[in-house]
A.B. asks: 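Submitted below is the structure of interest, expressed as structure tokens.
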Number of protein chains: 2
Amino acid sequence: MAKGKRAAAMAENRAKLIRAAREAFATQGYADASMDELTAAVGLTRGALYHNFEDKKGLLWAVVEQIDGEMAERLRIVREQAPTLWQGLLAEGSAYIEMALEPEIQRIILLDGPAVLGDPSKWPGENACLDITMRTIRALIEEGVVKPVDVEAAGRLLNGAALSAALWVAAADDPKSVLNKAVDAFRELASGLLRKAV
Amino acid sequence: MAKGKRAAAMAENRAKLIRAAREAFATQGYADASMDELTAAVGLTRGALYHNFEDKKGLLWAVVEQIDGEMAERLRIVREQAPTLWQGLLAEGSAYIEMALEPEIQRIILLDGPAVLGDPSKWPGENACLDITMRTIRALIEEGVVKPVDVEAAGRLLNGAALSAALWVAAADDPKSVLNKAVDAFRELASGLLRKAV
DNA sequence: TCACTCACATACGAGGCGTATGTCAATAGG
DNA sequence: CCTATTGACATACGCCTCGTATGTGAGTGA
């Protein structure tokens with residue numbers, strides 16, 4: 001029964017490397033993160049890295065997948081706690097904007113990810129955040145609350161608006177007041193999807 | 001009067017390097033563009049590069065400034081040709097989406113630029129595109145066509161939506177039909193800013 | 001004509017990535 | 001219980017790239 005000993009150790013090391021990579025990529029950026037330092041920080045060498053992952057890019061893939069999954073889960077919870085679908089959509093947008101304030105998400109998911117791995121919409125897990133937004137919009141159209149727009153188009157543009165807002169807020173000198181303006185503007189834009197004005 | 005001989009040659013070489021950099025950065029991406037190859041392609045060495053620009057990043061700055069200026073000029077023309085301000089705003093958005101189809105703009109301005117140089121809103125020239133959008137929105141508010149929203153917030157979110165749409169279109173298998181959907185959705189979202197629905 | 005400047009080339013060192021090779025513990029089989 | 005094999009990881013090497021320090025020759029002013 002001592003069969004899983006090596007597999008367990010390997011999973012442990014994979015997790016350690018991903019944890020270290022999240023830290024390094026978030027603080028130094030992908031390009032400036034040294035694989036030697038990163039692996040040494042958790043008591044390993046680059047040997048472990050190239051054995052567990054394809055290459056440096058492969059490690060970024062793993063990190064991105066993990067963070068993306070966490071974000072999707074958080075958005076799901078926010079949406080489900082809202083009293084109506086429409087308010088859920090708005091809450092999702094706000095939550096997304098606020099999440100992008102976190103340096104880890106901002107740097108890895110919003111900046112380096114697209115630059116290194118290409119268009120996020122083609123990431124495996126298919127950008128779980130977008131998926132959730134689209135599902136909500138589809139339901140709202142069926143409810144008759146939202147105009148019969150193209151679901152994917154609306155979802156992507158809403159996400160893009162939220163993303164832009166997030167980057168703006170993150171770079172602002174006074175994030176708090178800017179955050180309010182951004183969320184307000186997001187709601188105004190989103191209301192353009194409504195069948196009739198509120 | 002043969003005073004400008006060296007200065008003229010220098011300006012020439014600067015231009016050549018920027019041209020080569022636009023080509024290299026657009027096709028290979030910033031990280032994978034070799035400065036040796038890039039300079040050799042125009043008959044120079046890295047010596048010229050580090051003399052004319054601060055470093056590799058400095059060359060990217062120069063390229064970004066040039067492209068940004070061109071984009072702003074194109075958007076200005078589009079806006080001025082529209083019959084009304086509101087239609088000008090929509091036309092700007094569409095034009096922006098279409099511009100992001102160009103690999104050069106997509107790769108350099110939308111992907112590598114933010115990742116390497118940081119938040120575009122803090123670029124010198126202050127992101128001329130955004131500036132134009134904001135001016136238009138301000139005018140529309142004064143006309144009473146648009147709700148009294150925060151100008152910067154609305155401008156940024158609109159730009160973000162357009163950018164997202166552009167990346168989507170660029171990565172699509174069928175850019176043409178996707179472009180239509182994207183532009184439609186953009187108009188719907190933008191209409192959320194209107195004082196009364198159209 | 002001569003000294004000086006400066007735009008650019010050349011030479012050098014440091015560091016990073018990817019791969020080929022080595023090593024030792026964990027398993028499987030007899 | 002002993003041995004062979006696997007596989008996870010470490011070590012060592014080569015190649016490339018960036019940035020800088022130094023060299024050089026054409027242009028410039030007196």
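In what follows, chains carry the letters A, B, and so on, assigned in the order in which the sequence lines appear, proteins first and then strands, with residues in each chain numbered from 1.
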A.B. asks: Are OP1 or OP2 of C/dA7 and a side-chain N or O of B/H51 less than 4.0 angstrom apart?
C.D. replies: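 Answer is yes, contact under 4.0 Å.
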A.B. asks: Atom CZ of A/R14 and atom P of D/dC9: how far apart are they, to the nearest Å?
C.D. replies: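 To the nearest whole Å, that distance equals 10 Å.
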A.B. asks: Given side chains that start at C-beta, do those of A/Y96 and A/V78 come closer than 4.5 Å, heavy atoms only?
C.D. replies: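 Sidechains of A/V78 and A/Y96: no contact.
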A.B. asks: Taking only N and O in the side chain of A/N52, is any of them less than 4.0 Å away from OP1 or OP2 of D/dA8?
C.D. replies: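 For D/dA8, neither OP1 nor OP2 has a side-chain N or O of A/N52 closer than 4.0 Å.
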A.B. asks: In whole angstrom, give the distance that lies between atom CG of A/D32 and atom P of C/dG15.
C.D. replies: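 Rounding to the nearest Å, CG of A/D32 and P of C/dG15 are 14 Å apart.
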A.B. asks: To the nearest angstrom, how far is B/E12 atom CD from D/dG27 atom P?
C.D. replies: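 Between P of D/dG27 and CD of B/E12: 15 Å.
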A.B. asks: Considering only C/dG16, C/dC8, D/dC18, which nucleotide approaches the side chain of B/S34 most closely?
C.D. replies: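 The listed nucleotide nearest to B/S34's side chain is D/dC18.
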A.B. asks: What I'd like to find out is whether the side chain of A/D112 reaches to under 4.5 Å of the side chain of A/V64, using heavy atoms alone.
C.D. replies: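 Side chain of A/D112 against side chain of A/V64, heavy atoms only: no contact under 4.5 Å found.
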A.B. asks: Below 3.5 Å is the cut-off: list the nitrogen or oxygen pairs between protein and nucleotides 19-24 of chain C, distance only.
C.D. replies:
none

A.B. asks: For the side chain of B/K56, counting heavy atoms from C-beta on, which of D/dG19, D/dC9, C/dT10 is nearest?
C.D. replies: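 Among the listed nucleotides, the one closest to the side chain of B/K56 is D/dG19.
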A.B. asks: Let me know the distance between CG of B/L17 and C1' of C/dC8, rounded to the nearest Å.
C.D. replies: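 Atom CG in B/L17 sits about 11 Å away from atom C1' in C/dC8.
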A.B. asks: Measure the distance from CG on B/N13 to C1' on D/dA26 and round it to the nearest whole Å.
C.D. replies: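 The distance from CG of B/N13 to C1' of D/dA26 comes to 14 Å, rounded to the nearest Å.
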A.B. asks: Find the distance B/D36:CG to C/dC12:P and express it as a whole number of Å.
C.D. replies: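 Roughly 16 Å, once rounded to whole Å.
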A.B. asks: May I ask you to say what A/A33 touches in the nucleic acid, namely base, sugar-phosphate or nothing, with a heavy-atom cut-off under 4.0 Å?
C.D. replies: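 Since only primed, P, OP1 and OP2 atoms lie under 4.0 Å of A/A33, the category is sugar-phosphate.
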A.B. asks: Does the distance from a Lys or Arg side-chain N to an Asp or Glu carboxylate O, for A/E80 and A/R76, drop under 4.0 Å?
C.D. replies: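 Answer for the salt bridge query: yes.
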A.B. asks: Rounded to whole angstrom units, what separation is found between the CD atom of A/Q28 and the C1' atom of C/dG15?
C.D. replies: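 Those two atoms, CD and C1', are 14 Å apart.
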A.B. asks: Between D/dC16 atom P and B/L38 atom CG, what is the distance in whole Å?
C.D. replies: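 B/L38 atom CG is separated from D/dC16 atom P by 18 Å.
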A.B. asks: Less than 4.5 Å apart, any side-chain heavy atom of A/K16 and any of A/R19?
C.D. replies: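 Result yes, sub-4.5 Å side-chain heavy-atom pair found.
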A.B. asks: Would you check if B/E92 and B/C129 make a side-chain contact, meaning some heavy-atom pair closer than 4.5 Å?
C.D. replies: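 No, every pair of side-chain atoms sits at 4.5 Å or beyond.
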A.B. asks: If you draw the axis of the six-membered ring of B/Y30, does the NZ or CZ of B/K56 fall within 45° of it and under 6.0 Å from the ring centre?
C.D. replies: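 Satisfied, under 6.0 Å and within 45°.
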A.B. asks: Going by the salt bridge (charged side-chain N to carboxylate O under 4.0 Å, His left out) test, name the single residue among B/E65, B/E70, B/E102 that passes it with B/R22.
C.D. replies: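 That would be B/E70; it is the only one of B/E65, B/E70, B/E102 passing the salt bridge (charged side-chain N to carboxylate O under 4.0 Å, His left out) with B/R22.
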